[in-house]
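Structure first, then comments.
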Amino acid sequence: MNREELEEKLGRLPRRSFAHLPTPLEPCPRLSAALMGPQIWVKRDDLTGLCFGGNKTRQIEYLFAEALAQGADMIVAGAGSQSNWCRQMTAAARKSGLDIALVLVSGEKGNRLQGNFLLFKLMGADVTVVELASIEDLQPAIEARAADMRAKGRRPYVVAPMALDTLALGAIGYVQAAVELDTQWEALGLNPTCLVLSGANMTPAGLALGFAALSRQIKLINISPVLWRQDRKTDILRIAMAARQRLGIPVSIDPVTIESYDSYVGERYGVVTDACREALKLAATTEGLILDPVYTGKAMAGLIDQIRANRFAKSDVVVFLHSGGTPALFAYAEDLGLD
Ligand SMILES: *Cc1c(COP(=O)(O)O)cnc(C)c1O
């Protein structure tokens, strides 16, 4: 289908606007030269604007339209204690006049009043911290918090981080982003061979679906920030298919257009690796480009590694998605190897 047809399908879904769009697409000639690599361009989704921005804002636009349509008077959501998701969700709730209760898994940085955790408190979210082995076990705790709120007469909209409905609706935000990228590439005369991103689920699923719908020949290189129980590529395709259903578009995705790597996580989610530190410093010193220590730093480490393995030609155009997360940097001050 063409862009207009896909935009028409997207336009049928309710959406509450929060993001400043389109986000910029910037060349990084000094980073490319330092790596003697392909032409790197950065899609600045760290600049979506809602409370320091990030990729969650595009996803939240569709989720909040649903919450408001359902007459919710508050949001119940959860993730890790330095969650970018919960930060942008809290800001969206405040901007919509809603309360928000967050259930947070005590992560690497615990509940130090820094980074995203500081911002939850500043925006007055009702925060509960739980000790769990994995974010994948968070669902019952979120449901329990929502039940408490219902017992008090509230009407919570529950954002279930692992529910397929939530993931599919959030992914639509990145189908829209694929349309936006396609428009920018055409205007600039760019024909990228790869898009590199830090993805867990909604972002790569939406992009894969959007590019397939537009018949864009591009490879998605997904660098996972976390080791999941389920194979990433299978899960990305599952979410993309659910999003396709929601949009009502007859598109199939060729699995070879997606590569997903777990090999840059390091010790575990949220723990900075040496390669991530190097990537953060290289982007900052060559381009003044600030990445984050949990997601985009590791994704850039993956891109650097693949450039050094001679995967790309100098003439290749590679787009790196900056998905945000930068407020967490301040919670990681001691881990960055600076003095
Ligand atoms: C959440 C997050 C991701 C992963 O996004 P998904 O939609 O879950 O794939 C990547 N980068 C940053 C900065 C994030 O906060």
Side-chain angles (χ1 to χ4, degrees), residues 19 23 42-48 50-63 77-91 105 107 115-116 119 135-136 138 159-164 166-178 195-210 220-226 228 230 232-233 235-240 242-243 258 260-262 264-265 269-270 272 276 279-280 283 289-303 320-329 331-332:
T23 58
V42 178
K43 174 65 169 167
R44 299 292 306 272
D45 270 11
D46 56 319
L47 301 179
T48 51
L50 183 69
C51 183
F52 298 103
N55 64 337
K56 302 309 183 304
T57 303
R58 291 185 190 268
Q59 303 163 356
I60 284 170
E61 292 194 337
Y62 290 93
L63 293 168
S81 62
Q82 279 296 331
S83 163
N84 300 308
W85 173 236
C86 290
R87 162 173 50 83
Q88 289 159 83
M89 194 79 73
T90 302
V105 178
N116 288 315
L119 296 168
I135 291 184
E136 290 176 90
L138 189 58
V159 188
M162 296 296 149
L164 189 57
T166 303
L167 296 170
L169 191 54
I172 308 279
Y174 270 88
V175 176
Q176 190 279 327
L195 188 146
V196 178
L197 76 151
S198 169
N201 40 52
M202 290 178 265
T203 303
L207 288 171
L209 180 62
L220 274 191
I221 302 183
N222 184 67
I223 314 269
S224 189
V226 50
W228 296 81
Q230 200 184 3
R232 259 323 69 202
K233 189 161 153 177
D235 210 33
I236 290 167
L237 287 166
R238 179 181 73 103
I239 296 161
I258 305 172
S260 191
Y261 294 87
D262 285 341
Y264 302 100
V265 177
Y269 172 78
V272 181
C276 173
L280 287 170
L289 179 70
I290 307 304
L291 303 174
D292 84 286
V294 178
Y295 295 91
T296 53
K298 287 182 181 175
M300 183 60 82
L303 173 57
F320 180 84
L321 177 73
H322 191 332
S323 47
T326 45
L329 204 52
Y332 279 79

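Atoms within a ligand are numbered from 1 in the order they appear, just like the ligands themselves.
Looking from atom 6 (P) of ligand 1 to the surrounding protein, the closest heavy atom is T203 OG1, 3.5 Å. Looking only at protein heavy atoms, the nearest one to atom 14 (C) of ligand 1 is K56 NZ, 2.9 Å. Shortest contact from atom 10 (C) of ligand 1 to any protein heavy atom: S198 O, 3.1 Å. At the shortest separation from atom 5 (O) of ligand 1 among protein heavy atoms lies N55 ND2, 2.9 Å.
Considering backbone and side-chain atoms together, W85 places no N or O closer than 3.5 Å to any N or O of ligand 1. The N/O atoms of S323, backbone and side chain alike, include one that comes under 3.5 Å of an N/O atom in ligand 1. Checked by distance only, ligand 1 and G324 stay at 3.5 Å or farther apart across all their nitrogen or oxygen atoms. Not one N or O of T296 is nearer than 3.5 Å to an N or O of ligand 1, by distance alone. Below 3.5 Å of separation, one finds no N or O of Y295 facing any N or O of ligand 1.
For the residue pair D45 and T23, a side-chain donor N or O sits within less than 3.5 Å of a side-chain acceptor on the partner. Side-chain polar atoms of D46 and T326 form no donor-acceptor pair below 3.5 angstrom.
I223 and V196 make their closest contact through CG1-CG1, 4.2 Å (heavy atoms, listed as atom of the first residue, atom of the second, distance). Closest approach of I236 to A200, counting heavy atoms only: CG1-O, 4.5 Å. Closest heavy-atom contact between W85 and A79: CD1-CB, 4.1 Å. The two atoms that bring R58 and Y174 nearest to each other are CD-CZ, 3.5 Å, heavy atoms only.
Which parts of ligand 1 touch P204 is read off a 4.0 Å heavy-atom cut-off, strictly below it: atoms 9 (O). Every atom of ligand 1 is numbered from 1 in the order shown, and the set under 4.0 Å from a heavy atom of N201 is 6 (P), 8 (O), 9 (O). Atoms of ligand 1 found under 4.0 Å from any heavy atom of A200, numbered from 1 in the order shown, are 4 (C), 6 (P), 8 (O), 9 (O). Interface atoms of ligand 1 facing G325, defined by a heavy-atom separation under 4.0 Å, are 13 (C). Close approach to M202 involves these atoms of ligand 1, each under 4.0 Å from a residue heavy atom: 6 (P), 7 (O), 9 (O). Close approach of ligand 1 to N84 is summarised as follows: ligand atoms under 4.0 Å from at least one heavy atom of the residue are 13 (C), 14 (C), 15 (O). Within ligand 1, the atoms closer than 4.0 Å to a non-hydrogen atom of G199 are 9 (O), numbered from 1 in the order shown.
Side-chain contact between F52 and N116 is absent, with no heavy-atom pair separated by less than 4.5 Å. Annotation: side chain of N201 is in contact with side chain of R232 (closest heavy-atom distance under 4.5 Å).
R87 places no side-chain N or O within donor-acceptor distance of the main-chain N or O of Q82, the cut-off being under 3.5 Å. Between the K233 side chain and the I258 main chain, a donor and an acceptor come within less than 3.5 Å of each other.
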